[in-house]
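Encoded as structure tokens, the structure appears first; notes follow it.
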Amino acid sequence: MKETLRYLAGIAGPSGYGSNSTAEQVIQDYACSGPPHLTAIITGATSGIGVETARALAKKGLRIVIPARDLKKADELKEVIREESPKAEIVIFETDISSFVSVRRFCSGFLALGLPLNILINNAGIYSQKLEFSEDKIEMTFATNYLGHFLLTELLLEKMIETAEQTGIQGRIINLSSAIHSWVRRDAFCFSKMLYPGNYDGTSAYSQSKLANILHVKEIATKLKARNARVTMNAVHPGIVKTGIMRDSYKGFITGCINHMLCCFESTNRRCEWKIFCRL
């Protein structure tokens, strides 16, 4: 509970930053520009955390590649970044992360440019309060938050390893996850239960997709280490941020919180799980 109160109050943690810190403040502490010609792909860059990530990295001199479903928003972001960083190089592809065909098309188009790839930030995500399916007939939250990024990473991983070997600069892959991955009980980690409208729960779908993000990271990180590749993969919980997902999911998360509290009290490991809940 103490950690939660510190977070809500904006008190800085061990890193020197707190919930009131901005991307601008962080990059100011790293005044020098990054190595030249670094390229970063950022999914979900047209809103929320993705926008600030793209702006901050562009200010550091990175080339920003944006796979975007909404080209209008992507063009607007490009103009905003160019106003702040006139020399910024922004590359936009029309891409739907929930679609396997679209992800493959993006990867083929990007690789055809012959650019290096130093950073991959799997940031795009959705929260849906109703059962929806992707064009591949997969539950939409799972398709967008996990499977699309899984395929994206698989198709670009060798390019990242190759870039790191050629440049000597460590590559970075980052999955945006969430602390609510811990809401998934071992006996409830089952996607098939969500495929019927009567059983669907948006918070459960979201938390399971975020747990899948973390499991993905652990597996790929292990393989990269075994290969002695100069690429790392990590998952990050960004904290509570007022993004589109939070606005869309407000009622669902409130319901999820209540359900989670009840589950915690019913659990034989009640005390341990309650502590986990309080840390969110």
Side-chain angles (χ1 to χ4, degrees), residues 33-47 50-51 53-82 85-125 134-136 138 143-176 213 216-217 219-221 223-224 227 229-233:
S33 297
H37 310 306
L38 290 186
T39 300
I41 293 176
I42 307 171
T43 68
T46 58
S47 64
V51 169
T53 302
R55 288 179 58 246
L57 293 182
K59 283 192 173 185
K60 291 281 288 179
L62 276 70
R63 177 190 295 111
I64 307 298
V65 179
I66 302 174
R69 184 173 54 182
D70 190 328
L71 291 181
K72 182 180 178 181
K73 285 186 177 181
D75 288 333
E76 290 172 353
L77 173 61
K78 184 176 181 178
E79 291 304 312
V80 169
I81 292 177
R82 284 277 178 82
S85 309
K87 296 182 179 180
E89 184 178 349
I90 312 296
V91 182
I92 298 172
F93 286 87
E94 184 174 13
T95 311
D96 180 354
I97 293 296
S98 73
S99 164
F100 295 160
V101 169
S102 186
V103 170
R104 290 183 183 279
R105 186 185 304 119
F106 164 73
C107 291
S108 295
F110 171 76
L111 293 174
L113 296 177
L115 297 173
L117 180 55
N118 308 93
I119 300 170
L120 173 59
I121 301 178
N122 293 321
N123 165 74
S134 70
E135 67 177 41
D136 300 297
I138 297 170
T144 303
N145 296 1
Y146 172 61
L147 287 179
H149 288 117
F150 177 91
L151 179 60
L152 183 72
T153 302
E154 286 295 301
L155 295 177
L156 297 176
L157 189 59
E158 292 305 318
K159 181 63 178 179
M160 294 200 69
I161 294 173
E162 175 187 304
T163 298
E165 290 177 349
Q166 293 175 348
T167 63
I169 300 171
Q170 186 183 73
R172 302 289 181 89
I173 305 172
I174 300 171
N175 275 8
L176 268 289
N213 287 151
H216 179 209
V217 167
E219 178 65 17
I220 299 300
K223 291 182 177 179
L224 288 169
R227 292 180 59 176
R230 294 177 62 87
V231 177
T232 62
M233 187 170 185

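- Distance alone, capped at 3.5 Å, places no donor-acceptor pair between the Arg172 side chain and the Thr232 backbone.
- Taking every heavy atom of both residues into account, Ile66 and Ile64 meet most closely at CG1-CG2, 3.8 Å.
- The two atoms that bring Leu77 and Ala45 nearest to each other are CD2-O, 2.9 Å, heavy atoms only.
- When side chains are defined from C-beta on, Ser102 does not count as touching Arg69, because their heavy atoms never get closer than 4.5 Å.
- The heavy-atom pair separating Ile97 from Thr144 by the smallest distance is CG2-O, 3.6 Å.
- Between Val51 and Thr46, the closest heavy-atom pair is CG2-C, 3.3 Å.
- Inter-residue side-chain proximity for Leu176 and Ile121 is flagged as met; some heavy-atom pair is nearer than 4.5 Å.
- Applying the 6.0 Å contact sphere to CZ of Arg104 captures no more than 12 heavy atoms from other residues, nucleotides or ligands.
- For Arg55, the salt bridge (Lys or Arg N to Asp or Glu O under 4.0 Å) partners are Glu24, Glu52, Glu84, not counting sequence neighbours.
- You'll find the side chain of Met233 reaches within 4.5 Å of the side chain of Asn175, heavy atoms only.
- When all heavy atoms are compared, the tightest approach of Phe100 to Asp136 is N-OD2, 3.1 Å.
- Using a 4.5 Å heavy-atom threshold, the side chains of Leu156 and Leu111 count as touching.
- Residues Val103 and Asp96 come closest through the heavy atom pair CG2-O, 4.0 Å.
- By the salt bridge (Lys or Arg N to Asp or Glu O under 4.0 Å) test, Glu135 pairs with no residue at all, sequence neighbours left out.
- For the pair Ile174 and Asn123, the minimum side-chain heavy-atom distance is 4.5 Å or more.
- For the pair Thr163 (side chain) and Pro116 (backbone), a donor-acceptor distance under 3.5 Å is absent.
- Every ring-ring contact (aromatic ring centres under 6.0 Å, His included) that Phe150 has, sequence neighbours left out, goes to Tyr146, His216.
- Residue Lys73 qualifies as open at atom NZ: its count of foreign heavy atoms under 6.0 Å is 12 or below.
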